[in-house]
Structures are given as structure tokens and as C-alpha cells.
Novice: 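Next up is a structure, given as C-alpha cells.
Along the sequence shown, the residues carry numbers beginning at 1. Because the structure is a prediction, the values reported are computed rather than measured.
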Amino acid sequence: MYAGKMIFVVVLLSACYAVAQVPTKHAKPKTQEKTAEQVQVEQMNQQLLNNMQKIQDQMNEMQKQLQQARQDAADAKAQAAEASRKAEGIEEATTANTGAVNTLQSAVTDMKGNTVSLVQTIQDNQKQTRASIEHPDILHYKGITLSPAGSFTAAETVDRNHATGGDIPTAWTSIPLTGSDMAKVSEFFGTGRQSRLALLAESKGAHNAFRGYFEMDFLGTGTSSNNNQSNSYVMRQRQIWGQLETVAGWSFAGGQMWSLATEYKSGLTLRTEATPQSIDPNYVPGFVWERQYGFRITKQVNPHLWTAVSLENPQTLSPVVNGDVTGLPLILWASPGANGGNYNAAANTSNGSTPGLITTYSMNAVPDFIAKIAYEPTWGGHYELFGVSRFFRARLYPNATKAEIAAGTATSVGAYNDTESGGGIGASARRAVLNKRLDLGLKGLWGTGMGRYGTSTIADVTVRPDGKLSPLHTWSALSTVEWHATPRFDVYANYGGDYVKRTNYTNLTTGNPLGYGVGTISSYTNAGCNTEPVPTGTGGTTNYPTTPSSCSATNRDIQEFTVGYWYDFYKGTRGRFRQGIQYGYAQRKTWADLNGLAPEGLDNIFETSFRYYLP
């Protein structure tokens, strides 16, 4: 619009300018007055000039308006841009506000859910607190929890077709030989002596856990208790130990406990010992174990690997000497004691005769030393490898032989202490298969002087011709199968054995053999083992010998196959009632004599158990 006006003005000015430039004829100046035409022309020119000035003023005004319009357009554009930016900010604010509103709505919804959950948790805690007060699983004492877990009552029976004269525990090395009088009769016992009392005291802090554990039963045997294997003093202490465990994976424990040589189910954790399922408290031949004093240090290296070392109570099982003992010096290998804590106090010496049994403490030089590693790989199973170091000591009197003692010329001159070393290596493997419904296990121990660590407690040592102790080569092995048919019903089978190798020496004086299980000398004979002895006695006293005469019968190995089940007909908050039946076929074999006679003993053992476990 402004451009059109300007064109019109320019054209009009041009026309006026052209008219103004038209040449006119100049007349001679006249002195007379202007004519009317001249006045009219002048007026017209003045009018044009006035119009041109107006047009110029209008053009100037229009120019100003154009500049203002341009400025207004620029300002409008700037305002539009600012408005756009504000609109974008408003949109972002609107979006943020929308998100905040949604978040707030979600938080309110969650708060409502959490409130409902919190109310339910409080109600559950109230119920649990009320239940723990009315039916406590554990007791609290000065920040320590006390739990009787592991306690049970037992009503059990055992029926053996060949009598051993024992209770529910089977004395494996005393299974009667076929020709003995005890083999002619059976025996039945009903007992509650395996009933057990246990108490676990535990306190857990931010960095350490403290535990003390006590476990006892009633299977002690009074004045014949000893520390040969289970340290079964009356009342029988099965376990009494204390433990400090750190968050860094270290554990320090000391007291009466299962030996580190025993297999464990979880790492090397106390109270997770993998004992074979059995009613018999003497378990199964081939099972490697002790319960004795020990001080143990354990380290969990990572979630799959554990290491441990322990110092444990030593004890030498009764030395057995067969063959020609002529000229052997007097040997002292156990304290005669004075009943000052030792039971059946009596000196056990050899003065050229077959030595007696050790029923007191053997005179040990140092503790048994055991080191073990346990590994639980990601692909399953539990595996252990361990070593045992042992030492056996006796005091010898080289100037006190049988002949010198008989002649009254024996002397203690030259007496000295002799220490002999033994040791063994063991391993175990346990694996769950078939979706953990079937557990397979295999374990064993091989070495010298390891008889004590096997269930049968066969001999540890014999005697060399110079009177020094000689550790015997032994091995123990056990296989186990456990089928978890249902959560309440387990079926199991075990087969294992303990073996001791025959060891022969030559008597330095006579040239005759001696040692353990000597089968190349007439004095080692099994000729009378299959003849039942006749009771003897006078004056109303009758002696019933359990071993036939002329029967050396030194043990070679003890084996047993067992099969049984456990059924929990109640298992809940009030404890557990379980019932089991077990059958065992036990076999005791001996080393053959010069004539090849190797008598053996067999026993069929039926056992039942009815137990109530505290929750």
C-alpha cells in the first residue's frame, strides 16, 4: 500500500516538474500592470508549489511510518520468538508437572501398599512374638540364645543271633568266633541309654559369633570308661566345646568335639558331621571318626574352599604281639596310675610274655596333628582331603628281660624312652543326584598306626624284636547310599570295613617270628578256635571263658553291611517323632595260622528305634 502511494506521488511530481520546465516566450518588459492571465498563472504555480510541499511532507510522514512499521515488525518478530520460547518453557514445565503428578500418584499408591504390608508385618510379628513367648524355640539369657536342639529320647532294641554281652553299641572286635560259647547263644536288649541331652549357647555380634555346645547321653560304662575313641566318661560327654567365629571367615574352637578327621556335610562347620545313618551308636566299620579333645583353627578361603588344622588327644590302642617273645625287654607303655582320674589303673608291661591291654592312658609324647581341606564346587558335591600325624611312645628296660626278672638280676640301668611315628592320609566324597533325592558317599583312611581312627578300633601297634613299638599298616573305607524317598521317609545302606595288615619280624634271640598276625610259627595257632570251652570253677565260683584255648585269632578285618530306614510320622513345630528299623550283617575275619586256619565270627544284628526330638 505504501509502495503504491509513493509511485503515484513520484509520477505527479514528475508531471509538475515537466510543466514547470515548459519554455515561454519572453515579451518585452512592460511597465503596465499584470494582466489577468499572468495573475492566474502565478496563482496556479503557487498552488502547485504548495501542493508539492504537501506531497513532500506526506512522503516524509509515510517514510517515518514505513520505518515505524519496520520497527514494529521487528519488535513483533522478537516478541513472537520470545512468546515461542515461553511457550516451549510452559510446555516443558507442563510435562515436568505431569511427571511429578504421576510420580506423586505412584508414591501414594506405593505408600498405601506399604502401609498394608507394614500392618500385616506388625500383625505377623505380634503373632510370632506371642508364639515365641508361649512356645519358645530358644531361650534368651543376657544376650545369649539357648537352644536344646539335638536333644531326643530314645527307646531302642537290639537282637543279635551271636551274643557279645553288650548293649545297643556293638563291640566290633568282640564279635564271637564261631566256636566260642557266646556264638552259641543269642541276645536281646531293650534300652533308653542312647537318649541325648544337648544345649547350644550362641551370641552373634557385628564382627564375631560366640558359641558353646554341650551334648551328653547315658552310654558311659562306669569304671571301664576310657579315652580310646569316644572318651565316654560317665556321664558320657559326647561334645563339650566353645567356639569363636569371625566375619572374616576364621573359626577357633576347643574342647571335646568330633575329630577333624570326620567327614562334614557343610564346609568344615561344627555340628554338621556326616555320620552314616545308623541306629547303632558305634556306627559302621570303615567310618573314620573320633570324639576327643581338640583345638581347631578353621579358615573359609572363599565360598567353595575351607582349610583347617587341629591338635587332638592321642591314645595308643592296645599293642598286640604274637609269636616268640623270648628275650624281649620289659616295656612300659601306659601309666599304672593311682585312680586319680585314670580308670582300671594297672601297669601294662611286657616282660617276655604277651603284653596286656591298655585300659589306662598311654604315655603320649605330643598330640595328634590333623590338617584338612574341604571343597564344594559349583557343579555340586562335597570333597575332603586330610592328613594325620601320630607318635607312639614307650619306656624300655633292656636289662630287664624275662630271664633276668626270673633270676632276680633285672635292673633299670640303661632304661630309655622310645618314640615312633605313624601317620595316614584320608579323603571323602559326597554327591547328591537325581534332583537331590539320592546321596552317594565314599570315604577312607590309609596309613600306619591309624587303627584307632576306624570304628572297629583295631590295633595301632605291635612290638619289634628290640622291644620298640611298630605302627601297623591299616586302612578304613566306607560307602553310603541314602535315598530320600519323601520328606519324611529315608532309606539307607552302608558297607564298610577296617583292615590291619599282618606284620612279621624275627626274634633276635631265637630266630623265630614275632609281630602281628604271625602265621609261620607253631605258637601262633588257631587249632582250638572251633571248640567250645567248658566252664570251670570251684567253691561256687564258675568261670565261663569266652575264647577257646589254642586260639590266637588275631583280627585281620571287620566288615558290615547295613540297610535300614527312618520314618518321621510327625515333624512340626512341636518336635519330631521318628521310627527306624535296621538290619546289619557283620563279619570278623582273622589271620590264618601255620596250618591255614583262619576262624571268623558272623553276626546278624536287628535294631529298632523310637525317638522323640525336641523342636
Novice: Charged N to carboxylate O under 4.0 angstrom, Glu290 versus Arg452?
Specialist: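 Judged by the 4.0 Å cut-off on N to carboxylate O distance, Glu290 and Arg452 do form a salt bridge.
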Novice: To the closest 0.5 Å, what do you measure between CG (Asn604) and CG (Asp159)?
Specialist: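 So the CG of Asn604 and the CG of Asp159 are separated by 10.0 Å.
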Novice: Show your reasoning for whether side-chain contact (heavy atoms from CB on, under 4.5 Å) applies to Val481 and Asp439.
Specialist: CA-CA 6 Å; Val481 177; Asp439 288 339; over 6 Å; no
Novice: Please walk me through it: do Arg393 and Asp418 pass salt bridge (charged side-chain N to carboxylate O under 4.0 Å, His left out)?
Specialist: CA-CA 6 Å; Arg393 184 165 65 180; Asp418 176 64; over 6 Å; no
Novice: Identify the heavy atoms of Gly451 and Asp460 that sit nearest to each other, and give their distance.
Specialist: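 So the minimum-distance heavy-atom pair works out to N-OD1, 3.1 Å.
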Novice: Do Phe606 and Tyr583 make the cut of ring centroids closer than 6.0 angstrom?
Specialist: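 Yes, close enough.
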Novice: Within this structure, what is the OG1-CZ distance for the pair Thr455 and Phe287, rounded to the nearest 0.5 Å?
Specialist: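 That separation rounds to 6.5 Å.
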Novice: Can you see which heavy atom on Gln292 is nearest to which on Asn313, and at what distance?
Specialist: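 Scanning both residues, the minimum pair turns out to be OE1-O, 3.1 Å.
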Novice: Working to the nearest 0.5 angstrom, can you tell me the gap between Tyr264 OH and Thr272 OG1?
Specialist: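 Rounded to the nearest 0.5 Å, the OH-OG1 separation comes to 7.0 Å.
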Novice: Should the pair Arg578-Asp568 be classified as a salt bridge under the 4.0 Å nitrogen-to-oxygen rule?
Specialist: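 Between Asp568 and Arg578 there is a salt bridge, with a charged N closer than 4.0 Å to a carboxylate O.
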Novice: Examine distances only and state if a side-chain atom of Asp466 and a backbone atom of Lys468 form a donor-acceptor pair shorter than 3.5 Å.
Specialist: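 Yes; at least one donor-acceptor contact below 3.5 Å.
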Novice: Do Asn322 and Thr554 have side-chain N/O donor and acceptor atoms under 3.5 Å apart?
Specialist: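 Per modelled atom types, Asn322 and Thr554 side chains form a pair under 3.5 Å.
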Novice: Between side-chain atoms of residues 470-477 and protein atoms elsewhere (two or more places apart, or another chain), which donor-acceptor pairs fall under 3.5 Å?
Specialist:
{"unit_1": "Ser470", "atom_1": "OG", "unit_2": "Tyr505", "atom_2": "OH", "d": "2.6"}
{"unit_1": "Thr474", "atom_1": "OG1", "unit_2": "Met450", "atom_2": "N", "d": "3.4"}
{"unit_1": "Ser476", "atom_1": "OG", "unit_2": "Asp498", "atom_2": "OD1", "d": "2.5"}

Novice: Pair Ser186, His162 - check side-chain contact (heavy atoms from CB on, under 4.5 Å), show working.
Specialist: CA-CA 5 Å; Ser186 63; His162 300 305; over 6 Å; no
Novice: If you compare all heavy atoms of Leu317 against all heavy atoms of Val461, which two are closest, and at what distance to 0.1 Å?
Specialist: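 Taking Leu317 first and Val461 second, the nearest heavy atoms are O-CG2, 4.4 Å.
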Novice: Can we say Glu187 and Arg160 salt-bridge, meaning some charged N sits less than 4.0 Å from an Asp/Glu carboxylate O?
Specialist: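 A salt bridge is present here (some side-chain N lies under 4.0 Å from a carboxylate O).
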Novice: Side chain to side chain donor-acceptor pair (under 3.5 Å) for Thr608 and Thr157? Distances and angles first, verdict last.
Specialist: CA-CA 5 Å; Thr608 69; Thr157 66; 2.5 Å; yes
Novice: Looking only at heavy atoms, what is the nearest atom pair of Asn555 and Thr173, with distance?
Specialist: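 Taking Asn555 first and Thr173 second, the nearest heavy atoms are ND2-CB, 3.7 Å.
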Novice: For Phe489 and Tyr565, I'd like to know if the aromatic rings sit close, meaning centre-to-centre distance below 6.0 Å.
Specialist: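 So the answer is yes for these two rings.
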Novice: Tell me the closest heavy-atom pair linking Trp566 and Gln277, and the distance in Å.
Specialist: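 That closest heavy-atom pairing would be CD1-OE1, 3.1 Å.
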Novice: Side chains of Tyr499 and Gln559: do they bring a donor and an acceptor to under 3.5 Å?
Specialist: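 The criterion, which ignores hydrogens and geometry beyond distance, is not satisfied for Gln559 and Tyr499.
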Novice: Hey, what do you get for CZ (Phe561) to OG (Ser479), rounding to the nearest 0.5 Å?
Specialist: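 Interatomic distance, Phe561 CZ to Ser479 OG, rounded to 0.5 Å: 9.0 Å.
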Novice: Roughly how far, to the nearest 0.5 Å, is CZ of Arg296 from CG of Leu260?
Specialist: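 Reported value, rounded in 0.5 Å steps: 4.5 Å.
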Novice: What verdict does the side-chain contact (heavy atoms from CB on, under 4.5 Å) test give for Trp172 and Glu560, after you've listed the backbone C-alpha separation in whole Å, the side-chain angles of each residue and the deciding distance to 0.1 Å?
Specialist: CA-CA 9 Å; Trp172 303 109; Glu560 188 192 31; 3.1 Å; yes
Novice: In sequence, state the C-alpha distance, the side-chain angles, and the governing distance for Asn494 and Thr480, and then conclude on side chain to side chain donor-acceptor pair (under 3.5 Å).
Specialist: CA-CA 5 Å; Asn494 306 306; Thr480 61; 5.0 Å; no
Novice: Mind jotting down which residue pairs meet the salt bridge (Lys or Arg N to Asp or Glu O under 4.0 Å) criterion with at least one end in residues 311-325? Sequence neighbours excluded, please.
Specialist: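 Pairs touching residues 311-325 that pass the test: none.
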Novice: Hey, are the side chains of Lys265 and Glu273 touching, using non-hydrogen atoms and a 4.5 Å cut-off?
Specialist: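 Lys265 does not reach Glu273 side chain to side chain.
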Novice: Go through the steps for Met216 and Arg236 under the test side-chain contact (heavy atoms from CB on, under 4.5 Å), then give the verdict.
Specialist: CA-CA 5 Å; Met216 57 83 64; Arg236 190 166 97 139; 5.7 Å; no
Novice: If you count every heavy atom of other residues, nucleotides or ligands that lies below 6.0 Å from Lys501 atom NZ, does the total exceed 12?
Specialist: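 At most 12 heavy atoms, drawn from other residues, nucleotides or ligands, come within 6.0 Å of this atom.
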Novice: If the threshold is 4.0 Å, N to carboxylate O, is there a salt bridge linking Glu263 and Arg430?
Specialist: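 Yes.
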Novice: Do the side chains of Asp217 and Arg238 get close enough for a salt bridge, i.e. N-O under 4.0 angstrom?
Specialist: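 Judged by the 4.0 Å cut-off on N to carboxylate O distance, Asp217 and Arg238 do form a salt bridge.
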Novice: Taking all atoms of both residues into account, what is the closest heavy-atom pair of Ile175 and Ala586, and its distance?
Specialist: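 Heavy atoms only, the tightest pair is CD1-CB, 3.6 Å.
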Novice: Before accepting this row, confirm whether a basic side-chain N of the pair Asp368/Arg390 lies closer than 4.0 Å to the acidic partner's carboxylate O.
Specialist: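 Arg390 and Asp368: salt-bridged.
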Novice: Salt-bridge test for Glu156 and Arg611: reply yes if a basic N is under 4.0 Å from a carboxylate O, no otherwise.
Specialist: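 Salt bridge flag = yes for Arg611 with Glu156.
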Novice: Within the structure provided, determine whether Val288 and Leu478 are in side-chain contact (heavy-atom separation under 4.5 Å).
Specialist: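 No, their side chains stay 4.5 Å or more apart.
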Novice: Is any NZ, NE, NH1 or NH2 atom of the basic residue among Glu420 and Arg464 found under 4.0 Å from an Asp or Glu carboxylate oxygen of the other?
Specialist: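 A salt bridge links Glu420 with Arg464.
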Novice: Using a 4.5 Å cut-off on heavy atoms from C-beta on, say whether the side chain of Lys372 contacts that of Leu268.
Specialist: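 Of all side-chain heavy-atom pairs linking Lys372 with Leu268, at least one is under 4.5 Å.
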Novice: Under 3.5 Å, is there a donor-acceptor pair linking the side chains of Thr562 and Gln582?
Specialist: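 Their side chains do not contain a donor-acceptor pair, so the 3.5 Å distance test is not met.
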Novice: What's the spacing between Tyr293 OH and Trp241 CH2 if we round to 0.5 Å?
Specialist: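 Taking OH in Tyr293 and CH2 in Trp241, the distance rounds to 15.0 Å.
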Novice: For the ring pair Tyr283 and Trp289, is the centre-to-centre distance below 6.0 Å?
Specialist: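 Here the rings of Trp289 and Tyr283 have centres that are less than 6.0 Å from each other.
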